[in-house]
Amino acid sequence: MSPETLSTPVVDTVKAGPDRARSRAQAARRRKAIVFAVRVLLLVAVLGLWEALSRAEVIDPFNFSMPSKIWDQIWTWVTHGTALGPLGEQIWYTLYEALLGWVIGVIAGVVFGIALGRIAFLADVLGPYIKVLNSIPRIVLAPIFVIWFGLGASSKVASAVVLVFFPVFFNAFQGAREVDRNLVANARILGASDRRVTLQVVIPSATSWIFTSLHVSFGFALIGAIVGEYIGATKGIGLLVAQSQGTFNAAGVYAAMVILAVVALAAEGLLTFAERRIFRWKPSDSDS
């Protein structure tokens, strides 16, 4: 057999590598385009069916409104403002409360989760109390926070904190418990103190667990801010919902929900972007 014959399969294999990678990338792009198109078509179909059924009065347009009226309400708020002031001011006020409560809840959840995950004695002492507090419906605390902190932003921030804390805490706690014991043992063999083991081994290992809870917890922060505003506030999207409900303006209620959904989706996109930047070493779903 000649040397040329032996080298041919090797050359073909080298050429096939980039071609295969290109094919996978094209297939992933096609799949994303198809998924996006189906999502848009599904949304258009649902909105179109809703509009048609409302106009035909198959469903009550007074109670269920219709997408065209919801869009008109949003446009009116954008161009002429709301009864509470400019729409942007209401969005920012709610977003400020949710963001501040989210940050405080995340920091507290991570600190307590890592601490109890690392210190068994602390977990044994505080564990029953955390379970009791977790069993309390956090939404019912919102009226208490309004009584304690008034109608300002503090009561809404407190509602957001208690909703965010527990999912972040339990994920951080579980992440600290699931750290590879061999990594911890190797770090100790190399002379690492407890503090360095926590900062350089435990926390990085638990980061993926923590990020999983961040996606859910920001939605909880928005819920806490909205519920607090709904119960009692001077401005915010939650107060818009309460006023729209009080005047039987179904379109206003749905319009506020649409605005909240857009804010939540934007926050989810930012979190996903940050997660991908931090975990660039992890293979994506399209790579598998």
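Residue Trp50 places its CH2 atom among more than 12 non-hydrogen atoms of other residues, nucleotides or ligands, all under 6.0 Å distant. Open room surrounds CZ on Phe112; 12 or fewer heavy atoms of other groups in view lie less than 6.0 Å from it. Atom CD of Glu57 sits in a sparse spot, with 12 or fewer heavy atoms from other residues, nucleotides or ligands closer than 6.0 Å.
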Go through the steps to decide whether Phe169 and Asn134 satisfy the test side chain to side chain contact (heavy atoms under 4.5 Å, CB included), and finish with yes or no.
CA-CA 11 Å; Phe169 166 80; Asn134 185 47; over 6 Å; no

Go through Ile130 and Phe166 one step at a time and tell me if the side chain to side chain contact (heavy atoms under 4.5 Å, CB included) criterion holds.
CA-CA 9 Å; Ile130 291 176; Phe166 287 98; 4.1 Å; yes

Would you check, one step at a time, whether the test side chain to side chain contact (heavy atoms under 4.5 Å, CB included) holds for Ile136 with Val162?
CA-CA 10 Å; Ile136 299 174; Val162 296; over 6 Å; no

Should Ser65 and Gln73 be marked as a side chain to side chain contact (heavy atoms under 4.5 Å, CB included) after you check the CA-CA gap, both sets of side-chain angles, and the distance that decides it?
CA-CA 11 Å; Ser65 189; Gln73 181 67 78; over 6 Å; no

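With rounding to the nearest 0.5 angstrom, the CD1 atom of Ile226 is 11.5 Å from the CD1 atom of Ile231. Rounding to the nearest 0.5 Å gives a distance of 4.5 Å between CG of Leu99 and CZ of Phe218. A distance of 11.0 Å separates CG in Leu265 from CG in Leu270, rounded to the nearest 0.5 Å. Interatomic distance, CE of Met66 versus CD1 of Ile59, reported as 8.0 Å (0.5 Å rounding). Put simply, CZ on Phe165 and CG on Leu133 are 8.5 Å apart, with the number rounded to the nearest 0.5 Å. Note: Leu240 CG to Thr94 OG1 = 8.0 Å, rounded to the nearest 0.5 Å.
The aromatic rings of Trp92 and Tyr96 are tilted relative to each other, their planes meeting at an angle between 30° and 60°.
Taking each heavy atom of Arg55 and Ser68 in turn, the nearest pair found is NH2-OG, 3.4 Å. The shortest non-hydrogen separation linking Lys156 to Ala225 is CG-O, 3.6 Å. Contact detail for Ala264 and Leu222: the closest heavy-atom pair is CB-CD1, 3.9 Å. Nearest heavy-atom pair, Ala221 versus Ala160, reported as atom, atom and distance to 0.1 Å: O-CB, 3.7 Å. Of all the heavy atoms in Ser159 and Phe145, the pair that sits closest is OG-CD1, 3.5 Å. Residues Ile114 and Ala172 come closest through the heavy atom pair CD1-O, 3.9 Å.
Distance alone, capped at 3.5 Å, places no donor-acceptor pair between the Ser155 side chain and the Leu151 backbone. The backbone N or O of Val132 sits less than 3.5 Å from a side-chain atom of Ser135, completing a donor-acceptor pair. Side-chain atoms of Glu229 come within 3.5 Å of backbone atoms of Ile237 as a donor-acceptor pair (strictly under, hydrogens ignored).
By the criterion of side-chain heavy atoms lying less than 4.5 angstrom apart, applied directly or through intervening Ile, Leu, Val, Met, Phe, Trp or Tyr residues, Val58 is grouped together with Leu47 in one hydrophobic cluster. Ile259 and Leu43 fall within a single hydrophobic cluster, where Ile, Leu, Val, Met, Phe, Trp and Tyr side chains are chained together by heavy-atom contacts under 4.5 Å. At a threshold of 4.5 Å between side-chain heavy atoms, the hydrophobic network of Ile, Leu, Val, Met, Phe, Trp and Tyr places Tyr93 and Val157 in two separate groups. Connection of Trp71 to Leu260 is not established within any shared hydrophobic cluster, with ILVMFWY side chains joined at heavy-atom distances below 4.5 Å, either directly or through further cluster members. Hydrophobic clustering of Ile, Leu, Val, Met, Phe, Trp and Tyr side chains at less than 4.5 Å, counting indirect connections, keeps Ile70 apart from Trp75.
Side-chain atoms of Gln90 and Trp77, non-hydrogen and from C-beta on, never get closer than 4.5 Å to each other. Considering only heavy atoms from C-beta on, Trp102 comes within 4.5 Å of Leu214 through its side chain. Looking at heavy atoms from C-beta onward, Leu239 lies out of side-chain contact with Thr234 at the 4.5 angstrom threshold.
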